[in-house]
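Here is the naming used below: chain letters follow the sequence lines, and residue numbers restart at 1 for every chain. The basis for the numbers below is simple: all heavy atoms, side chains too, and nothing from hydrogens, waters or symmetry mates.
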Amino acid sequence: MTDQTSQAARTACGAIRAGDQGKAVELCGWVNRRRDHGGLIFVDLRDREGIAQIVFDPKHPSFPDAERLRNEDVLRVRGTVRARPQGTENAKLPTGGVEIGVDDLEVLNRSEVPPFPVNGDDDVDENLRLEYRYLDLRRPRMQRNIATRHRIVKAMRDFFDARDFLEIETPMLIKSTPEGARDYLVPSRIHPGTFYALPQSPQLLKQILMIAGFGRYMQIARCMRDEDLRADRQPEFTQVDVEMSFCTQEDVLETMESCMRDVWKRVLGVELGPFPRFSHAQVLERFGSDKPDLRYDLELVNVTSIFEGSDFVVFKSVIESRGAIVGLRYPGGASLSRRDFDALTELAKQNGAKGMVWIALGADGVKSSAQKFVGDEHIGALRYSLDAETGDAILLFADARPAALTVAGRMRGEVAERCGLRDKTKYAFCWVTDFPYLELDEATGRPAPAHHPFTAPGEGQWEFIDSDPLAMRAQHYDLVLNGFELGSGSIRNHKPEHQRRIFEMLGMTPEQIEERFGFFVRALEYGAPPHGGMALGIDRIVMLACGEDDLREVVAFPKNQAARDVMMDSPSAVAENLLRDLSLRSTAPPPER
RNA sequence: GGCCCUGUGGCGCAGUUGGUUAGCGCGCCGCCCUGUCACGGCGGAGGUCGUGGGUUCGAGCCCCAUCAGCGUCGCCA
């Protein structure tokens, strides 16, 4: 008897229903749990579709084998579907009304005792999960998330297909350009001493597809960036990458917004309203972040004017140096102890604050860390402008304006977390538009593109390029969901002279432009249509749709924080002859393992 | 590279101001059990407390170093 089972013969464990009574079925799956009553054995058999209860009768020849079954053994079972005896149905299972009386049992494979329970979603050490990823993926949560991921990607492909976009693959081995994130490099064997780069995104290739006349492009694109990891950042990730010719910014926004609305409706059954839009300047001012979490309000308020003429030396010096005092309401925060406020102040400092003034609006009076300098007139004005009530606390951050807003924005997230305002079942999308074209690179002191250098300046912005380049606005937009940047896009430069002008402004010489982007500027010279597009991070979208807060929960084979794949144990050393073929020699000592 | 938290049987955790033999739940092994579904009952095995050093009469607990992991800042056009 072969171990192979034809798909036609097999019935899914989770698909058995009351209507199947009397049917002879062949089930394949894993032992989810065994309940041995001595004279009667129940086994929950699990496959991707669900769980079915199979029953072994003591008089049956398979009974001794059933006694030796253990969790995660792989079985093939033939038997007959029958109704469970009255009163023994299990309402918790879709298959709970029936069971399979076993006629024939085959153990296709035994399992070692798993290092952690597979039949549940109990917390397990992250490293152990990654080392035994095949077992982790077998668990219900990951089965669910990976399936949801498929459905989201499928919905996206369907959406763009219906709108006449073509999915076009772009190469993984491309050219390194020094801007942006660190590249992953692939050495060339045929051309010693030279390297391909893995794409950080297919940006230039999709623009060239527009020049090539494809008009509407999309791709589920893999991207790689060699930077440090975060819960919402993996070194390799997937984007839904989109580009359109002869379009306005409005066209791109409408397309992507419709796509997300479609996905949410089809996959989650959630109807999303229109996405609110904010300018970059607005979100910084009101939320202290360029990716605001709009599931809750808690808007920041600039309260500098309230403390005009204050004797408090911190406020005084900030006001004199034209900085800002930014206020944040902490609902219910008046119940915090001095110790709690001290800890909160410490947290603010870790987030870049110079300090924090707190004011507790207790029912029994107002307490503050700057008691002497906060008078009734201040309290009244603060209550009014922050819409604060008795029982709340008010947190104040004084610094140069951008720094004060950023810190307050981070603390806004912290306060929201403490107040339970981060509801995972709420989806607050928003657009952020009108980004500055440039921002000052703190490392070099030079202006650097806020997005990438292929972005077109906004209408009428070219006139600032010489006089005040930092004042230029870009036709660049971000899509934000629940405080996560899902992705960004822009209308691109399609005139070669404009593109050259931007490169020059960024300090590149004509030779450098030719060496790095010559192929691209040349392409623009052959009738490049006006075009624009966007890319959204699929991993983050799936993460939020699944209610997870870590990308690893929606990526089948992720890297750990040190960018290692602990299951495969990569990266790893390679044989000397492989390096020789690539004309490479490592300067690093071989790792001791 | 900085900072925070964590590290105790296979897994998840507890372990008091430093004090006798390091506990609990799950899992695992054995026996019993014919309607369970987180089955139940009885019994059992399993720990150099991440590693190294120090303080102390005595360290799972205190100190230093180091490793690993989670998070975060820097970084991520």
Taking the same atom, P, in B/rC42 and in B/rG25, what whole-Å distance lies between them? 12 Å
How would you label the contact of A/P114 with the nucleic acid (heavy atoms, under 4.0 Å): base, sugar-phosphate, or nothing? nothing
Here's a test of your reading of the structure: between A/L93 and A/D228, which maps to the more 5' nucleotide of RNA chain B? A/L93
Over how many whole Å does the gap from A/Q234 atom CD to B/rC75 atom P extend? 21 Å
Whole-Å distance separating the CD atom of A/E72 from the C1' atom of B/rG27: 13 Å
Interatomic distance, A/L69 CG vs B/rC37 C1' [rounded to whole Å]: 16 Å
Given B/rC39, B/rG1, B/rC70, the nucleotide with the shortest approach to the side chain of A/N560: B/rC70
Hey, does A/P85 reach any base, or is it just sugar-phosphate, or nothing, if we go heavy atoms under 4.0 Å? base
Using a 4.0 Å heavy-atom cut-off across all strands, classify A/A448 as base, sugar-phosphate, or nothing. nothing
Closer than 4.0 Å, any side-chain N/O of A/K349 to the OP1 or OP2 of B/rC3? no
Side-chain contact check for A/D125: nearest option of B/rG35, B/rG69, B/rC33 is B/rG69
From CG of A/D36 over to P of B/rG27, roughly how many Å is that when rounded to an integer? 14 Å
Should the side chain of A/Q350 and the base of B/rU72 be counted as holding a donor-acceptor pair, with the cut-off at 3.5 Å? no
Side-chain donor/acceptor of A/R410 to base of B/rC73, under 3.5 Å: no
Using a heavy-atom cut-off of under 4.0 Å over every strand shown, decide if A/R230 touches base, sugar-phosphate, or nothing. base
Figure out the CG/P separation between A/D122 and B/rC11, and round it to whole Å. 13 Å
Roughly how many Å is it from CG in A/L229 to C1' in B/rG71, rounded to a whole number? 12 Å
When rounded to the nearest Å, what value does the distance between P atoms of B/rC13 and B/rG7 take? 9 Å
The nucleotide from B/rC39, B/rC75, B/rC37 with an atom nearest the side chain of A/Q53 is B/rC37
To the nearest Å, how far apart are A/N127 CG and B/rC5 P? 21 Å
Base, sugar-phosphate, or nothing for A/D550, non-hydrogen atoms under 4.0 angstrom? sugar-phosphate
Answer yes or no: is there a donor N or O on one side and an acceptor on the other, between the side chain of A/K559 and the main chain of A/P235, under 3.5 Å? no
Could you check whether A/N90 gets within reach of a base, just the sugar-phosphate, or nothing at all, counting any heavy atom under 4.0 Å? base
Categorize A/Q200 for me: base, sugar-phosphate, or nothing, with a 4.0 angstrom heavy-atom threshold over every strand shown. nothing
A/H37 side chain: which of B/rC73, B/rC11, B/rC39 is closest? B/rC39
Out of B/rC11, B/rG27, B/rC75, whichever nucleotide has its closest atom nearest the side chain of A/V113: B/rG27
A/H476 versus A/H452: any side-chain heavy-atom pair under 4.5 Å? no
Is there a donor in the side chain of A/S570 and an acceptor in the side chain of A/D565, or the other way round, less than 3.5 Å apart? no
Using the C1' atom on both, measure B/rC39 against B/rG23 and round to a whole Å. 27 Å
Between A/R35 and A/Q53: side-chain donor-acceptor atoms closer than 3.5 Å: yes
Pairwise C1' distance for B/rC11 and B/rC33, with rounding to whole Å: 28 Å
Does the side chain of A/Q561 get closer than 4.0 angstrom to OP1 or OP2 of B/rC70 through an N or O atom? yes
Name the nucleic acid region contacted by A/R84, choosing base, sugar-phosphate or nothing; use a 4.0 angstrom heavy-atom cut-off, strictly under. base
Using a 4.0 Å heavy-atom cut-off, does A/E112 contact any base of the nucleic acid, only the sugar-phosphate backbone, or nothing at all? nothing
Side chain of A/A231: nearest nucleotide among B/rG69, B/rG35, B/rG71? B/rG71
Is it the case that the base of B/rC75 and the side chain of A/R233 share a donor-acceptor contact (distance under 3.5 Å, atom types as modelled)? yes
Of B/rA38, B/rC37, B/rG1, the nucleotide closest to the side chain of A/R35 is B/rC37
In whole Å, measure the gap between the P atoms of B/rC49 and B/rG9 for me. 10 Å
Whole angstrom value for the distance that separates P of B/rG35 from CD1 of A/I54: 19 Å
State, with a plain yes or no, whether a side-chain heavy atom of A/D136 is found less than 4.5 Å away from one of A/Y132. no
Give a yes or no on whether a donor-acceptor pair under 3.5 Å exists between the nucleobase atoms of B/rG69, that is its base, and the side chain of A/R564. no
I'd like the C1' distance from B/rU16 over to B/rG69, given in whole Å. 28 Å
Any A/I465 side-chain heavy atom under 4.5 Å of A/Y437 side chain: no
With sugar-phosphate meaning primed atoms plus P, OP1 and OP2, does A/R552 contact a base, only sugar-phosphate, or nothing at under 4.0 Å between heavy atoms? sugar-phosphate
Options B/rC76, B/rC37, B/rG30, nucleotide nearest the side-chain atoms of A/E227: B/rC76
Pi stacking test for A/F42 and B/rU36: under 5.5 Å apart, planes under 30°: yes
Among the candidates B/rC76, B/rG35, B/rC11, find the nucleotide nearest to the side-chain atoms of A/F116. B/rC11
Any side-chain donor near an acceptor of the partner, A/T170 and A/Q219, under 3.5 Å: yes
Return whichever of A/A450 or A/R82 has its heavy-atom-nearest nucleotide of RNA chain B closer to the 5' end. A/R82
Charged N-O contact under 4.0 Å between A/K206 and A/E243: yes
What's A/I51 touching, base or sugar-phosphate or nothing? Going by heavy atoms closer than 4.0 Å. nothing
If we take the C1' atom in both B/rA59 and B/rC64, what is their distance in whole Å? 15 Å
Between B/rU8 and B/rC62 - P atom distance, rounded Å: 15 Å
For the pair A/F517 and A/F454, name the ring-plane relationship: parallel under 30°, tilted 30 to 60°, perpendicular over 60°. perpendicular
